[in-house]
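Before any comments, here is the structure.
These figures come from a predicted structure and were not determined experimentally. Here is the naming used below: chain letters follow the sequence lines, and residue numbers restart at 1 for every chain.
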There are 2 protein chains.
Amino acid sequence: MGTTQLESVPEPKYWHLKTVLTEALDSEFSVGEILPNERDLAARFGVARATLRQALEQLELEGRLQRRRGVGTTVAPPRMGVSVGSEQHAWPGGPDDAWHAVDCRLEVPPAALAEPLVTGSDEAVHVVRRSRVSRGQPVASELLYVPAASVPDLSGIDAPSGAARARAVLRELQHLELERQENAVELGSAGAAEARELDRLPGAPVLVVTTRYIARGRAAALSVATYRADTCRLTFGDSGGVEIHHGPERQAS
Amino acid sequence: MGTTQLESVPEPKYWHLKTVLTEALDSEFSVGEILPNERDLAARFGVARATLRQALEQLELEGRLQRRRGVGTTVAPPRMGVSVGSEQHAWPGGPDDAWHAVDCRLEVPPAALAEPLVTGSDEAVHVVRRSRVSRGQPVASELLYVPAASVPDLSGIDAPSGAARARAVLRELQHLELERQENAVELGSAGAAEARELDRLPGAPVLVVTTRYIARGRAAALSVATYRADTCRLTFGDSGGVEIHHGPERQAS
DNA sequence: AAGTGGTCTAGACCACATG
DNA sequence: ATGTGGTCTAGACCACTTT
């Protein structure tokens, strides 16, 4: 024959690059190790920097690489499993929940949330801001919308805002009997605020977990939590979750 | 004073573009409507095509747009909620599950899955391929790994492969008593095979749902399901899920 | 054949972190 | 000051769908 009649559908360069890099990561690199810079890598592979970046972007999306402006590109550790929507339903802020309250303000929620909250469109609700840290790294940022009707006894609390008030709202929530909770996960991108909180650039991919807490047949609270998609694997249902390993990938010295 | 001393941190053009486009989508466009082509849009906004594309990519990632090569860019409908990990644990292939079996082969699973499956590294297992369609659109593709030990009575089945054998394997699974299941969700990108199955380009963002089915204290099956991240919102726990609406967005005529 | 989005290039400049 | 990744440009060509 002579010519190998394959390549009738030549795969894009960045795709091939990604494959090569993935194999290199699996076999020749250690977690935490820094890669050559983009200009050198591009030259080494004989492609334009933009093409190389296309491959690196995908690898970062898959949690294999971590890139930081001004610093460099490093090999990322395996994603950490973070548990969401535990089997035994529980209010946020209860014992053994991984969050810590940051702030609380009284605000009118975005129009997009009016329906699931069952509040009037212009009705102000308590907005509790919480953050979640795992292994010393911020992994999620949450906005918890609590209609005033869900925490009727919120009096005698002098703090009009701040972490103290946030904890007070969460404490009052526990008094309600939780019927059930509804969860949803979808892909999103970090807004300016979440990006700062998660130590990422705006637009970074995030997993958005929306939880509706139902009590007495009504939505007593609505949580919108954004998790770093590059570093997190969300586990739910029963304990733990499944560990997936890439390759040899030793620990960097 | 004079100059508005803001813009000390000027936001990137593509970010601003994304904001403008989002507002336009919310107020001036209908679901299914086609946008002007990229060259025209770029010219209209006075930016390079690559910059415009950066904005469009993010909007597609967020499920607001749908782009198809050779066709154009259209306004995407709201994401559809697809239920995963139903509350009442059940084996795959049971009554009222949304999947349909496609194929089944006997293969050695990728090394990365050996540990969660608890099989020997070189042990072949049944690999059932299933696909899931919702509203006439493919939304997910699954590989279900079933160790031979989990389906001991798989004899008298003459079909060595194909959909018939796949259904047989699933049927045999029901005989085991399911202890519990462990779920995890993470972000990934479609490989060549999944991309074809999901009607997307390779590298498209997907939500990977890994489920480990536990019976008699051992992993009796392992499912790796990849969902289209652009069109799907995964719901779990109790029924339904939370509906989020963007804006007016009328239905296209 | 025409029109669309997808890939690729070779540059330039900017924002950020570090020495 | 230097080096990194992030943004942006103005072009070119390719793969695909539709007419």
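- A donor-acceptor contact under 3.5 angstrom links the side chains of S189(A) and E62(B), judged on distance only.
- For E194(A) and T226(A), the side-chain atoms include no donor-acceptor pair closer than 3.5 Å.
- Between D230(A) and R79(A) the shortest heavy-atom distance is O-NE, 3.1 Å.
- Taking side-chain N and O atoms only, R67(A) has no distance below 4.0 Å to OP1 or OP2 of dT4(D).
- Between the P atom of dA17(C) and the CD atom of Q66(A) lies a distance of 14 Å, rounded to the nearest Å.
- Taking the six-membered ring for Trp and thresholds of 30 and 60 degrees, W99(A) and Y227(A) have ring planes more than 60 degrees apart, a perpendicular arrangement.
- Between C104(B) atom SG and R165(B) atom CZ the span is 5.5 Å, to the nearest 0.5 Å.
- Going from atom OG1 of T19(A) over to atom CD of Q58(A) covers 9.5 Å, rounded to the nearest 0.5 Å.
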Do any N or O atoms of the protein come closer than 3.5 Å to N or O atoms of nucleotides 7-9 of chain D, and which pairs are they?
{"residue": "dT7(D)", "atom": "OP1", "partner": "Y14(B)", "partner atom": "OH", "Å": "2.9"}
{"residue": "dC8(D)", "atom": "OP1", "partner": "K13(B)", "partner atom": "N", "Å": "2.2"}
{"residue": "dC8(D)", "atom": "OP2", "partner": "Y14(B)", "partner atom": "N", "Å": "3.2"}
{"residue": "dT9(D)", "atom": "OP1", "partner": "K13(B)", "partner atom": "NZ", "Å": "3.0"}
{"residue": "dT9(D)", "atom": "OP2", "partner": "A48(B)", "partner atom": "N", "Å": "2.8"}
{"residue": "dT9(D)", "atom": "OP2", "partner": "T51(B)", "partner atom": "OG1", "Å": "2.4"}

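- For the residue pair L21(B) and A55(B), the shortest heavy atom distance occurs at CD1-CB, 4.4 Å.
- An OP1 or OP2 oxygen of dT4(D) is reached within less than 4.0 angstrom by no side-chain nitrogen or oxygen of T73(A).
- Taking atom CG of residue D199(B) and atom C1' of nucleotide dG5(C), one finds them 15 Å apart after rounding to whole Å.
- Under 3.5 Å, the side chains of T51(B) and Q54(B) contain no donor-acceptor pair of N or O atoms.
- Residues from residues 35-42 of chain A placing a heavy atom under 4.0 Å of any atom in DNA chain D, listed by number, are N37(A), E38(A), R39(A).
- dG6(D) atom P lies 11 Å from atom CG of L65(A), rounded to whole Å.
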